[in-house]
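Every heavy atom of this structure was used, including side-chain atoms; hydrogens, water molecules and symmetry mates were not. Chain identifiers are assigned alphabetically (A, B, ...) following the order of the sequence lines, protein sequences preceding nucleic acid strands; residue numbering begins at 1 within each chain. On a predicted model such as this, the values are computed, not experimentally measured, just so you know.
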Amino acid sequence: MSEKKVRVRFAPSPTGPLHIGGMRTAIFNYLFAKKHGGDFILRIEDTDQNRYVEGAEDYIIKSLKWLGIEPNEGVGKGGEFGPYRQSDRKDIYQKYAEQLIESGHAYYAFDTPTELEEMRERLKAEKNPIQQYNAVTRVVMNNSLTLNSSEVSKKLSDNTPYVIRLKLPEDENITFKDVVLGNFTFHSSQLDDKILFKSDGMPTYHLANVVDDYLMKITHVIRGSEWTNSTPSHVLLYRYFGWEDSMPAFAHMPLLLKPDGKGKLSKRDGDRLGFPVFPLEWTNPETQEVSSGYREAGYFPEAFLNFLVLLGWNPGTEQEVFSKEELVQIFSIDRIGKSGSKFDQEKAKWFNHYYLQQKSTQEICTLFIPILEEKGIDINPSNLANIIELVKERATFISDLWPLSHYLFVAPTEYDDKVIKKRWKEDTPQLLEGIIDVISSLKTFDAATLESEIKMHIEMKELNMGQVLNGLRLTLVGSAQGPSVFEIISLLTAEESVKRIRRGIQSIKII
RNA sequence: GGUCCGUUCGUCUAGUCAGGUCAGGACGCCAGGUUUUCAUCCUGGUAACACGGGUUCGAAUCCCGUACGGACUACCA
């Protein structure tokens, strides 16, 4: 076995925050690399200077880190195949573009944007289904194939803006195998002479991507399926460079779709639909507009990762909850589905609820304390642990804990009208006086004792439970929610409970 | 318009390559149980092979067509 070491790259453009589709691509790349004991490389593809957004690169690194994805090499990490930011590799690309010109597989093109536009308009008017710069149309354009060599050298020495285009064959089938989608055949007449090198001196994605993947010894290209149609051009580049033997395997992943209908998920959908599409909160540096993030919404990274990995992939078993380590063990690229998936916020919440329940009470306390501090609540740790024990099973997010438990910290100041109407009767105050007596007389003060004593009292008086306990809950909590009243009383202490019951008796009026 | 791709419960999906279990699981939803309440939890239920042809004893599975959806079609990635 002389299998090459697996090396994959995640190669986002720093044009803004990474959305969850990009995160999923990163996760799949990472899992695949780890599964095979390989390297995961972070490369920043910033060849479009116009779209560069300040802070985006940092955002990408932070997002990966939040999920526990640490690149083996790349921007912010280093490595022997660097630099890993394409703008720092500018010189490399020019050399390769020129090499292609020398070998006759690329050419200079001097057409202005206007001329290109006219060409497309003309083809459109002729009802030509293909409106591209290709083997047919290039013969009437301004390029080093139609101009004689002295005209070309003159233009070059005049600094006439030019691009370098890939010279596609006129009549050739290009085939490649995609690990996810299967075999593809494209006919060269359907492709265009892609620009490899732009007039601003930067390469396009197509060139930079192929050159870097080759130089960085990438073995598997796992990327979004929006790249499928340009893959044949990339295949040709490998061929023309003479790198076909080390061409990586391609795996194009289906896209994440809008939850409510049509099209691929976009950055706008989040705010429109009321859920985050970004892992972390993002503030647009130009407009100061804030987009919400999963982290800030209260999702745990492990829940978010678990949820995301199941979008378009499954292990083929009925298991749905996985740790990252487990995923590394069982991940397999050929279990990636072919069709796009919408995501379901309800399921994301379910995962978060599940992961929250797996956490220790101590851990949950630690996460909850900042919220309490913000509310100005002072609490002793052992009491807090008891409170968390009591309410955590109801919580999906840490932020649910306060609405679920506030009455255990602060006495109710108002009482739910609906509950008053339904549960507060003429004899309620009198019945509660009886409960005060029971509470006050107890020597051991735990939930079990409270329950048996209060129940005994109710039975002796020949009352029914609902009659007494609902009113009791109202005075303690202010509403008709929460765990067992006996648990509540025992946490509240006798003194506080009696105080609340008295206050309720005084201030609640029959409706 | 052209090229390429896809289509199983409302959603994520198993099953398709090697045709033959009342098409399985999860989320959601509904019902019942537990509970003094609200949740949680437990049990059960609802619900899908896009459509039309063909091949076959037999098709979700293979073939063709149609519809619908998606991606690409920039000196953006």
Atom pairs under 3.5 Å: protein N/O with N/O of nucleotides 8-14 of chain B:
residue : atom : partner : partner atom : Å
B:C12   : OP1  : A:K342  : N            : 2.9
B:C12   : O2'  : A:L310  : O            : 2.9
B:U13   : OP1  : A:G312  : N            : 2.4
B:U13   : OP1  : A:S341  : OG           : 3.3
B:U13   : O3'  : A:N314  : ND2          : 2.8
B:A14   : OP1  : A:N314  : ND2          : 2.7
B:A14   : O3'  : A:R335  : NH2          : 3.3

query: side-chain hydrogen bond (donor to acceptor under 3.5 Å, both in side chains): which pairs involve residues 416-425 of chain A, sequence neighbours left out?
result: none
message: Between the side chains of A:E126 and A:R122, is the shortest nitrogen-to-carboxylate-oxygen separation below 4.0 Å, so that they form an ion pair?
response: yes
Listed pairs, N/O of protein and of nucleotides 75-77 of chain B, under 3.5 Å:
residue : atom : partner : partner atom : Å
B:C75   : OP2  : A:R120  : NH2          : 3.4
B:C75   : O2   : A:S199  : N            : 2.8
B:C75   : O2   : A:S199  : OG           : 2.6
B:C75   : N3   : A:S199  : OG           : 2.9
B:C75   : N4   : A:D111  : O            : 3.4
B:C76   : OP2  : A:K198  : NZ           : 3.1
B:C76   : O2'  : A:D48   : OD2          : 2.9
B:C76   : O2'  : A:R51   : NE           : 3.2
B:C76   : O2'  : A:R51   : NH2          : 3.2
B:C76   : O2   : A:R51   : NH2          : 3.4
B:A77   : OP1  : A:T47   : OG1          : 2.9
B:A77   : OP1  : A:K198  : NZ           : 2.7
B:A77   : OP2  : A:Y205  : N            : 3.4
B:A77   : O3'  : A:S13   : OG           : 2.7
B:A77   : O3'  : A:E45   : OE1          : 3.4
B:A77   : O2'  : A:S13   : OG           : 2.6

task: Mind checking A:L255 for me? I need base, sugar-phosphate or nothing, with any heavy atom below 4.0 Å counting as a touch.
output: sugar-phosphate
query: Considering residues at least two apart in sequence or located in another chain, which fulfil the side chain to side chain donor-acceptor pair (under 3.5 Å) criterion with A:E117?
result: none
field: Pairs touching residues 163-185 of chain A that satisfy salt bridge (charged side-chain N to carboxylate O under 4.0 Å, His left out), sequence neighbours left out
entry: A:E172-A:R239
Contacts under 3.5 angstrom, residues 474-488 of chain A side chains, donor-acceptor by atom type, not counting sequence neighbours:
residue : atom : partner : partner atom : Å
A:T475  : OG1  : A:L472  : O            : 2.7
A:S484  : OG   : A:F486  : N            : 3.1
A:S484  : OG   : A:E487  : N            : 3.3

statement: Closest to the 5' end of RNA chain B, once A:K264 and A:K127 are matched to their nearest nucleotides, is A:K127
message: Going by the rule side chain to side chain contact (heavy atoms under 4.5 Å, CB included), which residues pair with A:I330 if we only count those two or more places apart in sequence or in a different chain?
response: A:W313, A:P315, A:F322
- request: Remember a base hit wins even if backbone is also touched, and classify A:F351 as base, sugar-phosphate or nothing at under 4.0 Å, heavy atoms.
  value: nothing
message: Rounding to an integer number of angstrom, what distance separates B:A39 and B:A31 when you compare their P atoms?
response: 12 Å
query: When all nucleic acid strands are considered with a 4.0 Å heavy-atom cut-off, which category describes A:K349: base, sugar-phosphate, or nothing?
result: nothing
query: Taking the same atom, C1', in B:U61 and in B:A14, what whole-Å distance lies between them?
result: 13 Å
Dump the pairs, protein N or O against N or O of nucleotides 40-44 of chain B, anything under 3.5 Å, distances to one decimal.
residue : atom : partner : partner atom : Å
B:U40   : O2'  : A:E393  : O            : 3.3

- prompt: How far, in whole Å, is B:G15 from B:G25 if one measures between their P atoms?
  reply: 15 Å
- request: With sequence neighbours excluded, tell me which residues meet side chain to side chain contact (heavy atoms under 4.5 Å, CB included) with A:S87.
  value: A:D46, A:R85, A:M202
query: Quick one: side chain to side chain contact (heavy atoms under 4.5 Å, CB included) partners of A:D269, sequence neighbours excluded?
result: A:K258, A:L265, A:S266, A:R272, A:L273
- prompt: Hey, can you pull the residues of residues 467-492 of chain A with a non-hydrogen atom under 4.0 angstrom from RNA chain B?
  reply: A:L469, A:N470, A:R473, A:A480, A:Q481, A:G482, A:P483, A:S484, A:V485
- prompt: Between B:C49 and B:A23, how far is it from one P atom to the other, in whole Å?
  reply: 11 Å
query: Can you tell me how far P in B:U66 sits from the matching atom in B:G19, rounded to whole Å?
result: 27 Å
field: For A:S144, side chain to side chain contact (heavy atoms under 4.5 Å, CB included) partners two or more places apart
entry: A:Y107, A:Y108, A:V152
